[in-house]
2 protein chains.
Amino acid sequence: MTEPFPPSAAVHDVSRRVDLTLCAPEEQPRLRADAARNRTRLLEVAAKLATERGAANVTMEAVACAAQVGKGTVFRRFGDRAGLMLALLDHHEQQLQAAFLTGPPPLGPDAPAAERLRAFGPAVMRHEQANRDLYLAANADLRRHFGSPAYHLRVGHVALLLRQLRADVDTALVAHTLLGSLEITLVEHLLAQREMTMERLEAGWYELVARLCVEA
Amino acid sequence: MTEPFPPSAAVHDVSRRVDLTLCAPEEQPRLRADAARNRTRLLEVAAKLATERGAANVTMEAVACAAQVGKGTVFRRFGDRAGLMLALLDHHEQQLQAAFLTGPPPLGPDAPAAERLRAFGPAVMRHEQANRDLYLAANADLRRHFGSPAYHLRVGHVALLLRQLRADVDTALVAHTLLGSLEITLVEHLLAQREMTMERLEAGWYELVARLCVEA
DNA sequence: GAGGAACCGGACCGTGGTCCGGTTTCATTT
DNA sequence: AAATGAAACCGGACCACGGTCCGGTTCCTC
C-alpha cells in the first residue's frame, strides 16, 4: 500500500487568511511521467463510471480495464478501494474546505467564530448529502476515514473555532463529538427514518453548538 | 438474507421495572430441529475460533468447515458476516442491556435519571472496549449497525432518560448524537491518538451530558 | 547510453456471497 | 401409526471482487 493519501487531499494555497497550520504540504516525491499520466486517466475513468453507474458499483477491475491498465496499477496508485474513492472525493472535498477556510461568510473567516461554527454543520451535511454515494463508499473503512487528512482538517477547524469562542471545554474531544453528529451514515440513517428532515437535523446542530459553547 | 436479527438480540424478561416498550418480542416463526441444532453448533464453533485467533480472522468458510456444515448454511442462518458477528455479540450485549435496564445503580432503574445517564457512557465505552474486536467486526457495516435492535434499544434508553430529565431538547436526535460520541471506531481512534485516555473520554462524556441536560 | 529505480500488467489467491438439485423435517391425512 | 406432500433446509460448486506478487518494461539520472 503506497501513497495512502496522494496529492492534494488537504492543504492548498490559502491566500486570504491563514487559518490552520496542520497538515504540512509535504509534496510526495513526485510521480514518474507514465505514473502521473496513468493516475489522471484512472481518475477520469473512475469519475465517469461513478456518475454513470453509481460509486457503489464501481469495481477496481472495471476502472483498470476501462483505463487500459493492469489492476495492479490501480492498487499501487491508490492503495485500496477506499483510497481511490478518497481521491475521487478530493475535488469535492477541496471545494468544501475552500468554503470554510477562505470562502465568504458565514462559513469563511470573515464571520465571527460563533456564526462560522453554526454554519459549519449544515454546510457539511448538505455537501455530503449532495455526494452521497461517493462519501458512503469512501467512508466504508472507518478507521481509514478517521485517519484521513480531510477528517483531520475538519477536526482542526472545529477545534480552532471552539478555542476562539473561549468555550470552556475539551476542544479536541468536543470537535470529534460534533463531527460525529454529522457522520454521513448517521445522517443517512436519520433521514431514512420517519420524521427526520434535514431542517430538523440542522436545528439539532444549532442547539448542540449553542449548548456546547456557552462559557462555563 | 433471512432472519437478519435472530433470536434474542434485544428484549428479555424485565422483571423489576418496565423501562421501555420498544422492540416487541415477536418470536420468529421457530426453527426447524436440524436448523436449530446447526445454529447453536455454528455459534459455538465461531466463538471458539474468535477467541483463539481473534474475531477479525474468523472466516465464514472456516466456521462452516469446523462445524461440519456447508457454507451456504452459515449464510442462510446469519445473512452475512456482520450478522454472524452480531449473533456472537448477542450474549455480551445482553449483559450490558441487563446492566442498564434492570441492574444496580447507578446504571439501573434505582438511580435518578441524571446519574443513570452519566454512568451510561463509561459503561458502554468500557464494555465495548472489553470486547473490542468483536464489536469492531460487527459494526463493519454501519448501515446494519444503525438498524440493529441493540442500537435501537440504546437510543430508546437514552431518549427515555433525557425525557425523564425534562431536558428541553430534541430527545431522539440528541440520543443519537450522544451515542455517536461512544461509537467504538471513534473511541478506538481517539485512544490510539496521543493524549487521549479513557479517563479523558469519560470526563468528556460527563461534560457533554451536563451541557445537554441543563433545562432551557 | 548505460544503469538502476520505479513502474507496469495480469495471473493468482482468499474470502464474502449466491444458487440450485437433492435431502430432511414436520403437519396432515388415512 | 404409516404414509405423504410440501416447505424448509442442506451442501458445496460457483461467481465476483478486493488485494498481492513478480518477471518484464519504461523512464529518469548521470
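Numbered from 1 within each chain, the chains take letters A, B, ... in sequence-line order.
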Rounded to whole angstroms, how far apart are [atom1] on [X] and [atom2] on [N]?
{"X": "A/R77", "N": "D/dT20", "atom1": "CZ", "atom2": "C1'", "answer": "16 Å"}
{"X": "A/Q68", "N": "C/dC7", "atom1": "CD", "atom2": "P", "answer": "21 Å"}
{"X": "A/R41", "N": "C/dC8", "atom1": "CZ", "atom2": "P", "answer": "10 Å"}
{"X": "A/F78", "N": "D/dT20", "atom1": "CZ", "atom2": "C1'", "answer": "18 Å"}

**Message:** For D/dC9 and B/N38 - does any side-chain N or O of the residue sit under 4.0 Å from the phosphate oxygens OP1/OP2?
**Reply:** no
[X]-[Y] side chain donor-acceptor pair, cut-off 3.5 Å:
{"X": "B/Y151", "Y": "B/H176", "value": "yes"}
{"X": "A/Q97", "Y": "A/H157", "value": "no"}
{"X": "B/Y135", "Y": "B/H127", "value": "yes"}

Could you run down the sub-3.5 Å N/O contacts of the protein with nucleotides 26-28 of chain D?
from, atom 1, to, atom 2, distance (Å)
D/dT26, O2, A/R32, NH1, 3.2
D/dT26, O2, A/R32, NH2, 3.1
D/dC28, OP1, A/A33, N, 3.1

**Asked** Is any side-chain heavy atom of B/L153 closer than 4.5 Å to a side-chain heavy atom of B/L101?
**Response** yes
**Request:** Would you mind telling me which of B/H92, B/Q95, B/E93, B/H91 makes a side chain to side chain donor-acceptor pair (under 3.5 Å) with B/N131?
**Result:** B/H92
**Message:** Across nucleotides 12-18 of chain D, 5' to 3', mark each nucleotide with B, S or - according to how protein heavy atoms within less than 4.0 Å reach it.
**Reply:** B----SB
**Request:** State, to 0.1 Å, how close B/A64 and B/V74 come at their nearest heavy-atom pair, and which atoms those are.
**Result:** CB-CG2, 3.5 Å
**Request:** State, to 0.1 Å, how close B/R39 and B/F78 come at their nearest heavy-atom pair, and which atoms those are.
**Result:** NH2-CE2, 3.8 Å
Pairs of donor and acceptor atoms involving the side chains of residues 40-49 of chain B, under 3.5 Å and at least two apart or interchain, shall be tabulated with distances.
from, atom 1, to, atom 2, distance (Å)
B/T40, OG1, B/R37, O, 2.9
B/R41, NE, B/A67, O, 3.4
B/R41, NH2, B/A67, O, 2.6

